[in-house]
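We're numbering straight along the sequence, starting at 1.
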Amino acid sequence: MNNDHRRRRMTVAVSLAAVLALTATACGDDGTAAAGEEGSGKGTITFWDNNGGVRTAVWQEIIKDFEAKNPGIKVTYVPIPSEDVQSKYDTAIAGGGLPDVGGVGAAYLANIVAQDALEPVGDRIEDSALKGKLVPSMVASVKSAGGRGDEMYSVPTSASNGTLYYRTDLFKAAGLDAPTTWAKFYEAATELTDVKNNKFGYTIRGGAGSIAQALDAMYGQSGITSFWDGDKTTVNDPKNVAALEKYVGLFKTTTPEADVNNDFKKMVAQFDTGTIGMLSHNLGSYTDHVKALGKDKFAGIPNPVGDSGTRVQVSNPVDGLGLFKSSKNKAAAWKFIEFAVSHESNSKWNESAGAIPANTEAAADPWMNEAEATKLGAKALTDGSTKIVELPYYLPDWNKISKADNEPNFQKVLLGAMTAKEFLDTLAEQLNEAQAEWNEQNKS
């Protein structure tokens, strides 16, 4: 372990110890993760939306419906941008101000669970109208991501998967086949690029959120179907190194140079308003593309098929709603969660987002067949045609490693200041260390 990483780990350990000391002694009035109260089931509760701005309109509609049916409860809505949400939770856990209910993605669920900030919800589900109404694979995913055996620390709301969006009008004009294989993907990226006229075949994600997209492209090409080989990660397998080298070779050749700083919002805007042929994102931007382009000018398909004839994708974190321990009105907060994941509300939210509903009744609603990308995504996850590489969301450090520690390094790779092998070796070292620590903790 290098000295910088050791210091970081020690700092995290000291911070966590301080947080745990607070939770053991505080009365909870300051919003720390001390045990709260069930409350009267009425009054005001606070809800943090973990994709604020992007999903604000649909949440406001659901909140309005909830308050109409529960006149004794008022919901204070707080939109948190997705790129800031984990740091906001960490700050509130340490210093106070946690909400009653918050959107919690599987990618950072284990980090919040490790700080003892979330209420277990398994028993509440068993005693509620949600019993037997949640998609089993999503339930299994949030259990695994929580990292504490069979207990659930969030109620799943939706799932997504990696989606390759492409401009069907541009493909048709160029006489290109749909990018259903990686060979066709790379051919299209080249053929649709005309740098002098600001036309590009692809837009690559170099800013926030870049690592998951790079891993998806990497494993998709290499055909490796497991994230671990024993207790060692496969991220720096030679096949993955070669795949990443080919993928980052697109930068500035068939992609805009500005992509080095692009997060998903910039990529989506670029694809929807410009002449870019392909975009890798997830189902969450499907409705944005429909609004901007209509259904006739684009399509969204699962990852291309690799040379082996098999489609491989990395897992996308299941989104969910968490009930925070420090809440003084858990009864009212739980009513809101139960309402938000009910058939009508869950269907409304996922139709707006183009995502796959967690409520089994919502997942059977007619709109699922009308949203082509969502239908194909759901099919790919359930029909056995796709091998899913399960990312280790259960590691408390997963989100930090995959974001703060390595997004700057990925930019270095794009800019030629670091090789793909150096990048993946660094990532592998950190993951192997985190896995060893997790194994040790779970032994005790």
Please determine if Asp263 and Arg205 form a salt bridge, counting it only when a charged side-chain N lies under 4.0 Å from a carboxylate O.
no
Please test Ser347 against Asp365 for side chain to side chain donor-acceptor pair (under 3.5 Å), starting from the C-alpha separation and ending with a verdict.
CA-CA 7 Å; Ser347 186; Asp365 281 350; 2.6 Å; yes
With a sphere of 6.0 Å drawn around NZ of Lys184, does it hold more than 12 non-hydrogen atoms of other residues, nucleotides or ligands?
yes
Asp123, CG: over 12 other non-hydrogen atoms inside 6.0 angstrom
no
Using a strict threshold of under 4.0 Å (side-chain N to carboxylate O), is an ion pair present between Arg167 and Asp169?
yes
Correct closest heavy-atom pair for Ser280 and Leu164 would be OG-CD1, 3.7 Å
Using 0.5 Å steps for rounding, measure from the CD atom of Gln313 to the OG1 atom of Thr310.
12.5 Å
Give me the one residue out of Lys330, Lys328, Arg124 that meets salt bridge (Lys or Arg N to Asp or Glu O under 4.0 Å) with Glu38.
Arg124
Within a 6.0 Å radius of atom CG on Asp296, are there more than 12 heavy atoms belonging to other residues, nucleotides or ligands?
no
Does the separation of the ring centres of Trp398 and Tyr108 fall below 6.0 angstrom?
no
Gly103 and Phe47 have their tightest heavy-atom pair at N-CE1, 4.0 Å
May I ask you to decide if Asn161's main-chain N or O and Thr163's side chain share a donor-acceptor pair within less than 3.5 Å?
yes
Would you say the side-chain atoms of Trp349 and Thr157 include a donor-acceptor pair closer than 3.5 Å?
no
Taking atom NZ of Lys239 and atom OH of Tyr219, what is their separation to the nearest 0.5 Å?
12.5 Å
Under 30°, 30 to 60°, or over 60°: which ring-plane class applies to Tyr165 and Tyr286, parallel, tilted or perpendicular?
parallel
Steps toward side chain to side chain donor-acceptor pair (under 3.5 Å) verdict (Ser222, Asn240):
CA-CA 6 Å; Ser222 73; Asn240 278 333; 2.7 Å; yes
If you count the non-hydrogen atoms of other residues, nucleotides and ligands that lie under 6.0 Å from CG in Asp307, is the total more than 12?
no
Lys348/Glu61 salt bridge by N-O under 4.0 Å criterion
yes
Measure the CD1-OG distance between Ile73 and Ser40 for me, rounded to the nearest 0.5 Å.
8.0 Å
So CG of Leu215 and OH of Tyr247: to nearest 0.5 Å the spacing works out to 10.5 Å
Could you tell me whether a side-chain N or O of Trp182 sits under 3.5 Å from a main-chain N or O of Pro304, the two making a donor and an acceptor?
yes
For the residue pair Pro357 and Val135, what are the closest heavy atoms and their distance?
O-CG2, 3.7 Å
Would you please indicate yes or no on a ring centroid separation below 6.0 angstrom for Tyr77 and Trp59?
no
When rounded to the nearest 0.5 angstrom, what distance separates NE2 in His289 from NE2 in His281?
7.5 Å
For side chain to side chain donor-acceptor pair (under 3.5 Å), just list the numbers for Asn329 and Ser327, CA-CA rounded to whole Å, side-chain angles, deciding distance to a tenth of an Å, and then say yes or no.
CA-CA 5 Å; Asn329 200 348; Ser327 171; over 6 Å; no
Above 12 or not: heavy atoms from other molecules or residues under 6.0 Å from CG of Asp229?
no
Would you say the rings of Phe264 and Phe271 are close, in the sense that their centroids are separated by under 6.0 Å?
no
Shortest non-hydrogen contact from Pro256 toward Ile276
CG-CD1, 4.1 Å
Mind running side chain to side chain donor-acceptor pair (under 3.5 Å) on Asp90 and Asn111 for me, showing each step along the way?
CA-CA 9 Å; Asp90 286 342; Asn111 174 66; 2.9 Å; yes
How many angstroms lie between CG in Asp49 and CD in Gln60, if you round to the nearest 0.5 Å?
9.5 Å
